[in-house]
Amino acid sequence: MVSPASPPVVRFAPSPTGLLHVGNIRAALFNWLYAKQQGGTFILRLDDTDRARSRAEFEQGIERDLAWLGLDWDRKEKQSDRLAHYDAARDRLIAAGRLYPCYETPEELEFKRKRLLAQGRPPVYDRAALKLSDDDRRRLEGEGRRPHWRFKLIAEEVRWDDMVRGAQHVDEASQSDPVLVRADGTYLYSFTSVVDDIAFAITHVIRGEDHVTNTGAQIQMFQALEAAVPVFAHLPLLVDAAGGGLSKRTGSLSIADLRERGIEALAISALLARLGTADAVEPVASLDTLVASMDFARVGRASARFSEDELAQLSARTLHMLPYATVKERLAGMASDLGEAFWLAIRGNIATLGDAKDWATVVSGPISPVLEDSAFLAEAAALLPADPWDETSWKAWTSAVTSATGRKGRQLFHPLRLALTAQEKGPEMAKLLPLIGRARVEARLGGRTA
Ligand code: GLU
């Protein structure tokens, strides 16, 4: 075991064969949070050995999504640059008698499997290839067969203490020897991952529960390569409201798509860090809050239910609490940075940051006012308080209008809001009035576009 006192080295290892979605970003987030909390190192490893399916655009997409979420990496590695290391590790396993060539075709393997099942026995590979003589192998290769290579498991119970799942054990005697090298010489992920975890001195493997089944064999691979076995943490999978897997719908739940829809990056992290844990899901103003509170012991073992509605609501609630400094640059990018008072006035009335643009237009124009009663509005205009205006001006003005006209409540406020904002609802008028300013207020009360 790796000493728990040393700072952790963790990795997020996506395959650049598609877009990141909420399911795989959850693994990235927990790795990153753990590294930050423990003063460790977070490595981005691109598992791109599948040359046919890996694409540069997905690699760029992964980097863009992680950067957008604020999950910065200390180091980046690509498996496609590391083939010589896999070859060397393969040769070590062969020399140690732990990797052996097999010649069965997929059809032959399927036949064996069915026969075992028909006999009511587990469909475990029978290791027939271990009994082949050199002559047998020469003959098979003479027929043009290329070997695939299996890792020879030790028939024992493998145990590990999972940071999420607690004490785990698998009986490797009941497992088939896994194929690590395909007949075309390419490697399976379960092997290259172990070689890299050793090379990069990974201390904690934090990943989705779908990899639990690989863990027993991988622990034996670490041992066969005489390396320290990392600590494992397997996160429960996310499911939708109906309890089904999310993978079928990953298109609509890709990080790129959520960004496009105006979902706040912080809301995605806040939801994924707390979903299925003992802690309440609530908006956060920075990732630091999540770093401080993350604790594998608080992650439940049941699948976590992900809801797009919950995410959208959390995203809005996140905006409602964000300080001006956090959004200033993005507002400027939308030509909607009208200062801190503007942001504090409108943040409670937006669902996405894009909505701020509409309120910026309400404040700085031009809008066409909606007039309910021009005579009343003209009377109100004559009662506008003297400059300068602040947040008390609205109260002073409307009190004066009440005294002069007898109007109160909706009769008073509704026509004024409609004329000044052209909207039925919105931020507090006391805050908007000084932002809109005298010139536009007078114009709008007079029915002019301003
Ligand atoms: N490339 C693997 C995946 O995306 C990595 C799994 C692991 O973290 O070990 O599923």
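Counting convention: from 1, in listed order, for ligands and their atoms alike. All values below come from the heavy atoms of this structure, side chains included, with hydrogens, waters and symmetry mates left out.
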Quiz item: Quick one: nearest non-hydrogen protein atom to atom 9 (O) of ligand 1, plus distance?
Solution: Tyr189 OH, 2.7 Å
Self-check item: Carboxylate-amine/guanidinium contact Arg138 Asp134, below 4.0 Å
Solution: no
Quiz item: Judged by modelled atom types alone, do Asp337 and Trp343 share a side-chain donor-acceptor pair under 3.5 Å?
Solution: no
Exercise. Taking only heavy atoms of Asp47 into account, list the atoms of ligand 1 that are under 4.0 Å away from them.
Key: 1 (N), 2 (C), 5 (C)
Self-check item: Option of least heavy-atom distance to atom 5 (C) of ligand 1 (set: Ser193, Ser190, Ala13)
Solution: Ala13
Quiz item: Less than 6.0 Å separating the ring centroids of Phe30 and His234?
Solution: no
Quiz item: Of the protein's non-hydrogen atoms, which lies at the shortest distance from atom 8 (O) of ligand 1, and what is that distance?
Solution: Arg11 NH1, 2.7 Å
Quiz item: What atoms in ligand 1 come closer than 4.0 Å to a heavy atom of Ser15?
Solution: 1 (N)
Quiz item: Phe191 versus Phe151: any side-chain heavy-atom pair under 4.5 Å?
Solution: no
Quiz item: Looking at the rings of Phe296 and Tyr34, which for Trp means the six-membered one, are their centres under 6.0 Å apart?
Solution: yes
Quiz prompt | Region of Phe12 that comes within reach of ligand 1 [heavy atoms, distance under 4.0 Å] | solution = neither
Quiz item: Considering only the protein, which heavy-atom contact is closest to atom 10 (O) of ligand 1, and what is its distance?
Solution: His211 NE2, 2.8 Å
Self-check item: Pair Lys112 + Glu110, salt bridge at N-O below 4.0 Å
Solution: no
